[in-house]
Structure formats: C-alpha cells, structure tokens
Q: 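The structure's right below; bear with me while I get my questions together.
We use all heavy atoms of the structure for the numbers below, so side chains are in, but hydrogens, waters and symmetry mates are not.
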Amino acid sequence: MHQTSPDIITFGESMALFMPPEHKALERATVLEQGFGGAESNVAIGVARLGGSAGWFGVLGDDPFGKMILKTLRGEGVDVSRSILSSDAPTGMMFREHVAGRTAVHYYRKHSAASRMEPEQLDEQYIRGAKLLHVTGITTALSDSSRRTVLRAIEIAKEAGVKVCFDPNLRLKLWSIEEARETLLPIAEQADYFLPGWDELKLLYNTDSFEEVKAKLLQLNAVTIVKGFGDTTLVLDNGKETAVPFYPAEKVIDTVGAGDGFCAGFLAGIMRGMTPAQAVGLASINGSLVVQMRGDWEALPEWSAVEQRMSDKVWVER
C-alpha cells in the first residue's frame, strides 16, 4: 500500500521535559511535572492544531519517555510513522526551572538516540512526497551524524522540488558561533523560507548593521522572515520589504515555545495559500497566544482561536 506523505514534514530531537510546579527551584523541588519538548515536534503539533497536515520523524530511545513522546504526537494528529525507537541509546532529557524571574534549562542529551541519527535512516520517498521540509539548526549542532542527516534531507527535498524552510534556532550551549556560522549560513543559501531572529542574524553575520545584514539576506534565494526586529517582523520577499507589527499578547506567562508557535503559524499560512506577509500575520497571532500559557507546545492554539483574531486589524501589514 502506498502511503502518502503529509504536506509538512520535520525531524529533530524531542526530549522528555521535567519541571517543578509553581516556579520552584529544582534543587528544592520534591515533585516534578513530566512533559516533552523539541523545536521541530512543537512546530508539527502547531501545524496540526491549525488544521494542517504534519509529520515528525526522529530517533528516540526505546524507553518510557520515547514511547510517551510518540503517543502524544500521534494523539495530536502528527504522523509519526517514520520515527524510530532505538534500544541502543536513551531519549534525551531536559529539566527546566523558573527562578528569580529567569528560566534556566539543564540538558541531558549527550549520546542521546537523536544525536546518533544517520542519513541512512531517512525515508527518502517520505521526504519526496511532502510539499515542505522544515529543519532547524539545533539538529545540525547535536553531532556530525545528525548534521549529515539534515544536509541529506535537504538534498533529497531539493532534488524532488520540495520547499525547504529553515529556522537557525541558534543554541550556543551546543556549539561555538564559528561552528554555527560554518554550518547554518550554507543551509540558509539552500532554503526557500529562512526564519531567523534579528539577534541571531547579528551573531551569524558578525555585525550590528541592519544594512549589512539586509544586503546579505537579499543575496539569498529565500523569502526571509526576520523575527524580533523592534516591535515588528520583517518580510524580505523578492527585494520587497514589509514590516508586520507584533500581535499583542494580553499577558505573558511563559515565552518558551513562542518561536515554534510563530513558525507553525507561518507554515500553516503558506500551506493555506497566504502571501508570506499574511502568513506572518497568522504566525504573530499564534506566537502571542502561546506565551499566555505555560509549556512548550500545550498552549499552541486551534485554528478557530486564531481565525477569530485574524479579523483584528492590529497586525495588518504596513
């Protein structure tokens, strides 16, 4: 039986997440809440909740955490048919605490199952059958083999005419800025949609000058979405620059997952046939709703909640 691929597919590391309730410090907590998180799986859930067709694949440990992650993703309507449970390595873990107004994350992901992912584990037909492949810089930072896996997935997508969306998701806890530049900038050159934050661009291009950064971005083939440029998101599309204002959040509870919510909204908008600027409007609403609740992906909204706010002209492109 031929299985068709979802419209949007993504992969990366998803980790079990533990955090104390009610903003306690980890060293004083006696109880921990269990969940999971991962930039790419968060995006897949976000797309599915907005009525899109999404798949996530990766390598998880064949342990209670890996099984919990797969079951939850499946329950959220994400296709996980190409995911692998490995008995050779464990699922990565992260512990999060919110102390003195700041969030700290402690990772236990070295030698995790995801970090051992190999290009040979990719289902090439699955990638070829999608409309869009979404990747992030996090996966490329985990290990040489996971970096090669991302590059091979992009190569398969490009050969098949599948669009590539790239969020650099720069994590300097995982590697140096020099290593990051060497890997991430060439990927940006292959992307159809590039979703960096303004702070990430300053680090990647080693300059604070907007004009210098913009000149580099205009050399790319990608539609570039610059997040967090003042109180707007900039859309650079075929030399045209559009500023889309942030959609205001009524109350900020937890900013974790806001970027993934934004990305999910953007991709869902593109799949609905919106222009990049319109899709950024949808993305901005999605991100603003995510920060109003605690959790990595739990607050990602359903389409009905976003649709209600889309008639609000606060974010209309200017």
Side-chain angles (χ1 to χ4, degrees), residues 10-49 54-99 103-117 121 134-143 145-146 149 167 169 171 173-174 253-261 263-264 290 293-300:
T10 185
F11 69 100
E13 178 164 42
S14 288
M15 290 173 283
L17 165 66
F18 299 92
M19 53 186 177
E22 298 166 5
H23 296 324
K24 281 189 177 170
L26 274 167
E27 65 183 90
R28 285 182 282 281
T30 52
V31 176
L32 295 175
E33 295 172 359
Q34 178 184 302
F36 75 94
E40 301 84 5
S41 53
N42 294 349
V43 168
I45 292 171
V47 168
R49 287 198 181 170
W56 177 89
F57 58 92
V59 183
L60 295 158
D62 189 1
D63 50 38
F65 308 119
K67 290 169 185 167
M68 172 266 295
I69 291 168
L70 282 191
K71 283 177 183 170
T72 310
L73 285 169
R74 202 178 287 122
E76 287 289 338
V78 174
D79 177 54
V80 290
S81 60
R82 301 306 190 275
S83 292
I84 297 166
L85 288 175
S86 165
S87 51
D88 296 335
T91 303
M93 291 195 274
M94 57 177 162
F95 294 79
R96 184 183 299 143
E97 58 185 347
H98 191 83
V99 185
T103 298
V105 185
H106 309 273
Y107 293 106
Y108 296 83
R109 70 200 305 182
K110 201 168 186 181
H111 307 306
S112 68
S115 72
R116 297 181 178 205
M117 192 174 195
Q121 292 172 312
H134 172 65
V135 293
T136 81
I138 297 173
T139 318
T140 62
L142 296 178
S143 66
S145 68
S146 52
T149 305
D167 184 337
N169 243 321
R171 296 282 190 277
K173 275 188 173 183
L174 294 174
I253 304 290
D254 181 3
T255 57
V256 172
D260 301 330
C263 183
V290 169
M293 195 191 288
R294 208 164 161 236
D296 271 50
W297 52 267
E298 290 81 355
L300 287 161

Q: Using a strict 4.0 Å threshold on nitrogen-to-oxygen distance, state whether D79 and R74 make a salt bridge.
A: no
Q: At what distance, to the nearest 0.5 angstrom, does CE of M68 lie from OG of S14?
A: 9.5 Å
Q: Are R96 and L17 close enough that some pair of their side-chain heavy atoms sits under 4.5 Å apart?
A: yes
Q: For residues L142 and R109, determine if any side-chain heavy atom of one lies less than 4.5 Å from a side-chain heavy atom of the other.
A: yes
Q: Heavy atoms only: give me the nearest A299-R49 pair and the separation to one decimal.
A: C-NH1, 4.3 Å
Q: Is it the case that the side chain of D260 and the backbone of W297 share a donor-acceptor pair, with hydrogens and angles ignored and the cut-off at 3.5 Å?
A: no
Q: Shortest non-hydrogen contact from S41 to L73?
A: CB-CD2, 3.9 Å
Q: Is it the case that T136 and E40 place a side-chain donor and acceptor less than 3.5 Å from each other?
A: yes
Q: Mind checking whether V59 and R116 have side chains closer than 4.5 Å, heavy atoms only?
A: no
Q: Going through the distances and angles, do L60 and F36 end up as a side-chain contact (heavy atoms from CB on, under 4.5 Å)?
A: CA-CA 12 Å; L60 295 158; F36 75 94; over 6 Å; no
Q: In sequence, state the C-alpha distance, the side-chain angles, and the governing distance for T72 and V78, and then conclude on side-chain contact (heavy atoms from CB on, under 4.5 Å).
A: CA-CA 9 Å; T72 310; V78 174; over 6 Å; no
Q: Do F57 and Q121 touch side chain to side chain, with heavy atoms closer than 4.5 Å?
A: no
Q: Count the heavy atoms belonging to other residues, nucleotides or ligands that lie under 6.0 Å from NE2 of H111, then report whether that count exceeds 12.
A: no
Q: Is F95 close to L32 at the side-chain level, that is, under 4.5 Å between some pair of heavy atoms?
A: yes
Q: Please round to the nearest 0.5 Å and tell me the distance separating atom CZ of F18 and atom CE of M94.
A: 10.0 Å
Q: Could you tell me which non-hydrogen atom of S112 sits nearest to which non-hydrogen atom of A89, and how far apart they are?
A: C-CB, 3.9 Å
Q: Between S145 and M117, which heavy-atom pair has the shortest distance, and what is it?
A: OG-O, 3.0 Å
Q: Is a side-chain N or O of S146 found less than 3.5 angstrom from the main chain of A141, in a donor-acceptor match?
A: no
Q: Flag the pair H106 / E97 as yes when at least one side-chain heavy-atom distance between them is below 4.5 Å, and no otherwise.
A: yes
Q: Give the minimum heavy-atom separation between T139 and F11, together with the two atoms involved.
A: OG1-O, 3.8 Å
Q: Which heavy atom of K67 sits nearest a heavy atom of L85, and at what distance?
A: CG-CD1, 4.0 Å
Q: Are there more than 12 heavy atoms of other residues, nucleotides or ligands under 6.0 Å from atom NZ of K173?
A: yes
Q: Among residues at least two apart in sequence or on other chains, which ones pass side chain to side chain contact (heavy atoms under 4.5 Å, CB included) with A54?
A: A44, V47
Q: With no hydrogens and no angle check, is any side-chain donor or acceptor of S143 less than 3.5 Å from a backbone partner on S115?
A: yes
